[in-house]
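Beneath this line is the structure, given in structure tokens, with notes to follow.
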Amino acid sequence: ILASILSVIIYWLIRDSRRVRNLNGRHIFITDCDTRLGKSLAKWLDKRGFCVIAACATEKGGQELRLCSSLSLKTVNLNLADSNSIARVVAFVTEETAGEGLFGLVSNAEGTAPVAPTDWLRVEDFHSVLDVSLLGLIEITLKLLPLLKKAEGRVVNLINAKGLMAFVGGGYSLSKWGMEAFSDILRIEMQHFGVKVSIVEHGFFKAGVVNSDVIERDLLRLWNRLTPEIRDSYGEKYFVE
């Protein structure tokens, strides 16, 4: 019994020693705050006292977030598929942090990708998700690294666990595996600068509404553009089922 009590005390001491203190003035930048996950995280960190900079894909998303947050939370429009948009956001974050550096970067993005067999797709179908959920996140991470190194901050990449299971063609799973590899490499390289890199593989909670009509419409569009050879190799029965 005494050993158990001692173990619990040691655990609590270690846990408390790793808690972040003096939150005031620490800036955290979060991508994709239009989504339920990004918005909830931005609101929670704002209540904890961090200076949150929330990137939204739409002006409407930014307005909704500002209405339910403190005045210290800032929003900025970001298109991860556009290098010019990324450059403008990096300049905004640099100005907001006022030479103190960036304490945290939380990357969270879900690019749109058609769900279909691989040989139904074209390379542009892969770009529609990879340009956002992989290359866009890599680009903004690279451009924010100087600020993260200055503050000895941390990078947290949120990755949907369902993307780590190869059950459908297209770029979705590729983007998730790519972010896993990028994070693992970056973690090793940034240790020298005191920057921590973490991956959070979140589970199968309802992060958004899945519209089956959109999926069916995409499948029909892809089926109709197939060459006769590919369509005949699958057959109408495969498409209907």
Side-chain angles (χ1 to χ4, degrees), residues 30-40 55-61 77-86 89 106-142 156-186 199-241:
I30 311 170
T31 67
D32 203 21
C33 290
D34 300 81
T35 64
R36 186 176 301 176
L37 178 58
K39 183 184 294 184
S40 297
C56 299
T58 64
E59 182 59 36
K60 178 183 177 182
N77 288 353
L78 172 63
N79 178 3
L80 282 168
D82 183 359
S83 292
N84 291 327
S85 177
I86 290 174
V89 169
V106 182
S107 291
N108 165 51
E110 296 283 328
T112 57
V115 177
T118 299
D119 63 348
W120 291 23
L121 304 173
R122 298 173 181 172
V123 69
E124 54 264 31
D125 297 318
F126 287 83
H127 276 293
S128 69
V129 60
L130 293 176
D131 287 350
V132 174
S133 297
L134 179 59
L135 298 177
L137 289 180
I138 289 175
E139 182 176 355
I140 198 163
T141 301
L142 294 177
V156 179
N157 290 324
L158 305 182
I159 298 175
N160 196 322
K162 69 183 180 183
L164 302 177
M165 293 181 284
F167 63 91
V168 66
Y172 187 78
S173 291
L174 293 178
S175 69
K176 302 311 172 189
W177 281 108
M179 282 306 295
E180 288 266 345
F182 175 72
S183 303
D184 289 342
I185 294 168
L186 191 66
I199 299 170
V200 176
E201 296 175 356
H202 58 83
F204 295 87
F205 61 86
K206 191 174 181 181
V209 177
V210 178
N211 192 329
S212 59
D213 293 337
V214 173
I215 295 175
E216 291 179 9
R217 187 180 66 223
D218 279 342
L219 279 172
L220 181 61
R221 174 179 61 85
L222 296 173
W223 174 260
N224 288 333
R225 81 178 187 187
L226 293 177
T227 63
E229 292 79 12
I230 295 178
R231 195 181 304 155
D232 290 343
S233 70
Y234 282 89
E236 291 284 347
K237 184 178 180 181
Y238 181 94
F239 175 71
V240 173
E241 292 178 350

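Computed from a predicted structure; not experimentally measured.
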| field | Y234 ring center near W223 ring center (under 6.0 Å) | value | no

Tell me, do [X] and [Y] make a side-chain contact under 4.5 Å, heavy atoms counted?
X    : Y    : result
L222 : L226 : no
L134 : L174 : no
L137 : F182 : no
E139 : S83  : yes
I140 : L78  : yes
H202 : N160 : yes
E201 : K176 : no

| field | Derivation of the side chain to side chain contact (heavy atoms under 4.5 Å, CB included) call for D184 and I199 | value | CA-CA 8 Å; D184 289 342; I199 299 170; 3.6 Å; yes

Measure across [X] and [Y] and return the closest heavy-atom pair with its distance rounded to 0.1 Å.
X    : Y    : value
T141 : L186 : CG2-CD2, 3.9 Å
S85  : N77  : OG-O, 4.1 Å
G38  : C33  : O-SG, 3.7 Å
G136 : I86  : O-CD1, 3.9 Å
N157 : S183 : ND2-OG, 2.7 Å
Y172 : V129 : N-CG1, 3.8 Å

Could you state the interatomic distance from [atom1] ([X]) to [atom2] ([Y]), rounded to the nearest 0.5 Å?
X    : Y    : atom1 : atom2 : result
T227 : E229 : OG1   : CD    : 4.5 Å
S175 : L130 : OG    : CG    : 6.0 Å
I30  : K39  : CD1   : NZ    : 13.0 Å
N108 : D32  : CG    : CG    : 5.0 Å
T31  : L80  : OG1   : CG    : 6.0 Å

| said: For R122, is there any backbone N or O sitting under 3.5 Å from a side-chain donor or acceptor partner on D125? | reply: yes

| field | Donor-acceptor contact present, side-chain D131 to main-chain A81, <3.5 Å | value | no

| said: List the residues meeting salt bridge (charged side-chain N to carboxylate O under 4.0 Å, His left out) with D82, not counting sequence neighbours, and say none if there are none. | reply: none

